[in-house]
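Any value given below was found using the heavy atoms of this structure, including those in side chains, with hydrogens, waters and symmetry copies removed. Nothing fancy with the numbering, it's 1 onward along the sequence.
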Amino acid sequence: MSAISSPYGLEPVFLAGGSPQGALRSFVLTANSTTGFFNGDIVNVGAGVITPVTATPTTTRNSNTPTGIFMGCSYFDGSRQFQNANFLPANAFTNFSANGPILVFVADNPDVQFRIQANGTVAYTDIGKNAALTGFSNGNTLNGMSRVQLDRTTIATTNTLGVRIIDIAPTVGNAAGDAFTDVICVFNQNVHAYRNILGV
């Protein structure tokens, strides 16, 4: 319900010309992360290392540049039991990599459109504007979900902001002007790693 603050990160819902499921890709975790990966988090891949993004992306290429959205993982845990999980705990590489590869599943298509909850009210007049994101490094270990939200206070026409609001999410119990509006967004021009002209 968009009357209640219940962030869930970025949820892929549409893809121009197809289904967001067609945009999933697996990456091998090659280095340790002291921050966990939660379903709906943004992730960055730099020099072959995948890490959770820890601050809102912008058009500046850095460790917070999105390569995609974390959708789950698979690995063998410390008891050598196979886990197909919603989130990957912190220090997973240190704790589990000796048992086999750790795979991280990412919706990495730069054209993916995602649903996200704002931390305040979003109006119809905000459609077409840009915004930053907030709530990083704060996932829910009980359900494995991200707590990233659209930062309502940043909505503006500023061209360096991370995402573009393209619609109010057409979900039951959600409407423009609700206390914590669910919206549909896309990554802005030059924000996604595959669309940023600077290589790494």
Using only heavy-atom distances, determine whether the side chains of N32 and T94 contain a donor-acceptor pair under 3.5 Å. yes
If every non-hydrogen atom of A107 is compared with every non-hydrogen atom of P12, which pair is closest and at what distance? CB-CG, 4.0 Å
Using the rule that two of Ile, Leu, Val, Met, Phe, Trp, Tyr join whenever any of their side-chain heavy atoms come within less than 4.5 Å, decide whether V112 and V191 are in one cluster. yes
Would you check if the side chain of S74 reaches a backbone N or O of N84 as a donor-acceptor pair within less than 3.5 Å? no
Determine whether L29 and L88 satisfy the following criterion, side chain to side chain contact (heavy atoms under 4.5 Å, CB included), listing intermediate values before the conclusion. CA-CA 10 Å; L29 189 71; L88 188 63; 3.9 Å; yes
Taking the ring centre of each residue, are F114 and F187 less than 6.0 Å apart? yes
Sequence neighbours excluded and cut-off under 3.5 Å, please list the side-chain donor-acceptor pairs for residues 40-48, or say none.
from : atom 1 : to   : atom 2 : distance (Å)
D41  : OD1    : S146 : OG     : 2.7
D41  : OD2    : F38  : N      : 2.9
N44  : ND2    : N62  : O      : 3.4
N44  : ND2    : T65  : O      : 2.8

For D151 and T134, which I'm curious about, is there any donor-acceptor pair between the side chains at under 3.5 Å? no
Return yes if some donor-acceptor pair links the side-chain N/O of N130 with the main-chain N/O of T160 below 3.5 Å, else return no. no
Test side chain to side chain contact (heavy atoms under 4.5 Å, CB included) on Q117 and L150 and set out the steps. CA-CA 6 Å; Q117 187 177 64; L150 184 134; over 6 Å; no
State, without any angle test, whether Y8 and D182 hold a side-chain donor-acceptor pair at a distance under 3.5 Å. yes
Which one of T171, T121, D178 satisfies the side chain to side chain donor-acceptor pair (under 3.5 Å) criterion with S2? D178
Distance flag, aromatic centroids of F96 and Y75, threshold under 6.0 Å: yes
Treating Ile, Leu, Val, Met, Phe, Trp and Tyr as nodes and any side-chain heavy-atom pair under 4.5 angstrom as an edge, say whether F93 and F70 lie in one connected cluster. yes
Do you know the tightest heavy-atom contact between F136 and A55? CE1-C, 3.6 Å
side-chain hydrogen bond (donor to acceptor under 3.5 Å, both in side chains) evaluation trace for Q149 with N119: CA-CA 6 Å; Q149 291 180 287; N119 62 358; 5.0 Å; no
Quick one: name the residues clustered hydrophobically with L142, using the 4.5 Å side-chain heavy-atom rule over I, L, V, M, F, W, Y, and just say none if it's on its own. none
Roughly how far, to the nearest 0.5 Å, is the CG atom of D167 from the CG atom of D126? 12.5 Å
Are I116 and Y124 co-members of a hydrophobic cluster defined by side-chain heavy atoms under 4.5 Å apart? yes
Could you tell me which residues satisfy salt bridge (charged side-chain N to carboxylate O under 4.0 Å, His left out) with R164, sequence neighbours excluded, listed by chain and number? none
